[in-house]
Number of protein chains: 2
Amino acid sequence: MAFEDTFKALSDPVRRRILTLLKGGMMSAGDIASNFDMTGATVSYHLSVLKKADLIYEKKEKNFIYYGLNMTVVEEMMLWLSDLKGDSTDDKQE
Amino acid sequence: MAFEDTFKALSDPVRRRILTLLKGGMMSAGDIASNFDMTGATVSYHLSVLKKADLIYEKKEKNFIYYGLNMTVVEEMMLWLSDLKGDSTDDKQE
DNA sequence: CACCTATTTAGAAATCTATCTAAATAGTAT
DNA sequence: ATACTATTTAGATAGATTTCTAAATAGGTG
């Protein structure tokens, strides 16, 4: 939802790994969870954090929920870093 | 020190604001602290987190400690995000 | 309908984080 | 040496985060 949330979301290694997994295309919650050594409930929690940060979106189909990467927010993140570096391509933020 | 630490360091708004302040050039711990409504000890804690993440470096002079931005790590961060977007300019990480 | 599968929600415990106050360090200057 | 200034370290605490187990939802299927 906010800039703040995006940075928070990216601060956890599990969540970054989820994003990396999604680079390969949409995946169901279960498929994502099978990549980790933790309960589905925990992975579901991480997915909710990523969703709140708008880093992923979901699409329900049958009784599966598929998740996909949302690039828009990643670009905003890069703009912030770019601005920090001094590339005054775009304006300040936060 | 590690990639992990950098993301963690960036996840706090106070620390991001410190980095933004340092965009304008090096500043002493005291000058940085005067920009916040919190004790010097707390700001010192945040500086230590940024330092551990290699996002800033320090330089002692007289009995002041000056802090400056370290761009190298910011670039690594951008590479990670860039890679997530699919720009396979450089290799994977973590 | 009764059941099975996929996923989330709720509640609790353990760990981590941000903040404060008080004390320690260290360099300057008198 | 004593005192002053700048900053950090230590110890404590309130609040946030991650993880688990158990239960709730919700959509298919026999």
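Here is the naming used below: chain letters follow the sequence lines, and residue numbers restart at 1 for every chain. Since we're looking at a predicted model, the values are computed, not measured.
- No side-chain heavy atom of B/W80 sits under 4.5 Å from any side-chain heavy atom of B/T6.
- Within the 3.5 Å criterion, the main-chain N or O of B/N35 finds a donor-acceptor partner in the side chain of B/R17.
- Among the atoms of the strands shown, only primed sugar atoms or phosphate atoms (P, OP1, OP2) are found under 4.0 Å from some heavy atom of A/Y67.
- Of all nucleotides listed (C/dT7, D/dC20, C/dT28), C/dT7 comes nearest to the side chain of A/F64.
- One can place CD of A/E4 at 12 Å from P of D/dA16, the figure rounded to the nearest angstrom.
- Proximity of a side-chain donor or acceptor of B/R16 to a complementary backbone N or O of A/F7 within less than 3.5 Å is not detected.
- Taken residue by residue, residues 40-49 of chain B places heavy atoms nearer than 4.0 Å to DNA chain D at B/G40, B/A41, B/S44.
- For B/A29, taking side-chain heavy atoms from C-beta onward, the closest of the listed nucleotides D/dT7, D/dC20, C/dC20 is D/dT7.
- Closest non-hydrogen pair, A/M71 versus B/L84, comes out as CE-O, 3.3 Å.
- The CD-C1' distance, from B/E61 to D/dA6, rounds to 14 Å in whole Å.
- Taking atom NZ of residue B/K59 and atom P of nucleotide C/dA26, one finds them 21 Å apart after rounding to whole Å.
- Between A/M26 atom CE and C/dA6 atom C1' there is a gap of 16 Å when expressed in whole angstrom units.
- Taking atom CZ of A/F7 as the reference point, atom P of D/dT17 lies 16 Å away to the nearest angstrom.
- Separating the CD1 atom in A/I65 from the OG atom in A/S44 is a distance of 7.5 Å, to the nearest 0.5 Å.
- Listed candidates were C/dT7, C/dT21, D/dT7. Nearest to the side chain of B/T39 is C/dT21.
- Here the closest heavy-atom approach between residue A/D83 and residue B/K23 is recorded as O-NZ, 3.0 Å.
- Sequence order on DNA chain C of the closest nucleotides to A/K8 and A/G30 puts A/G30 first from the 5' end.
- For D/dT7, the OP1/OP2 oxygens have a side-chain nitrogen or oxygen of B/S28 closer than 4.0 Å.
- Atom pair A/F36:CZ and C/dT7:P shows a separation of 14 Å (rounding to whole Å applied).
- Of all heavy-atom pairs between A/T72 and A/N70, the closest is OG1-OD1, 3.1 Å.
- Taking only side-chain atoms of B/N63, from C-beta outward, the nucleotide of D/dT5, D/dT7, C/dC20 with the closest atom is D/dT5.
- Protein atom CD1 of A/I65 is 10 Å distant from nucleotide atom P of D/dG27, rounded to whole Å.
- If you find the closest nucleotide of DNA chain D to A/K62 and to B/D31, the one lying nearer the 5' end belongs to B/D31.
- Protein atom CD of B/E58 is 13 Å distant from nucleotide atom C1' of C/dA26, rounded to whole Å.
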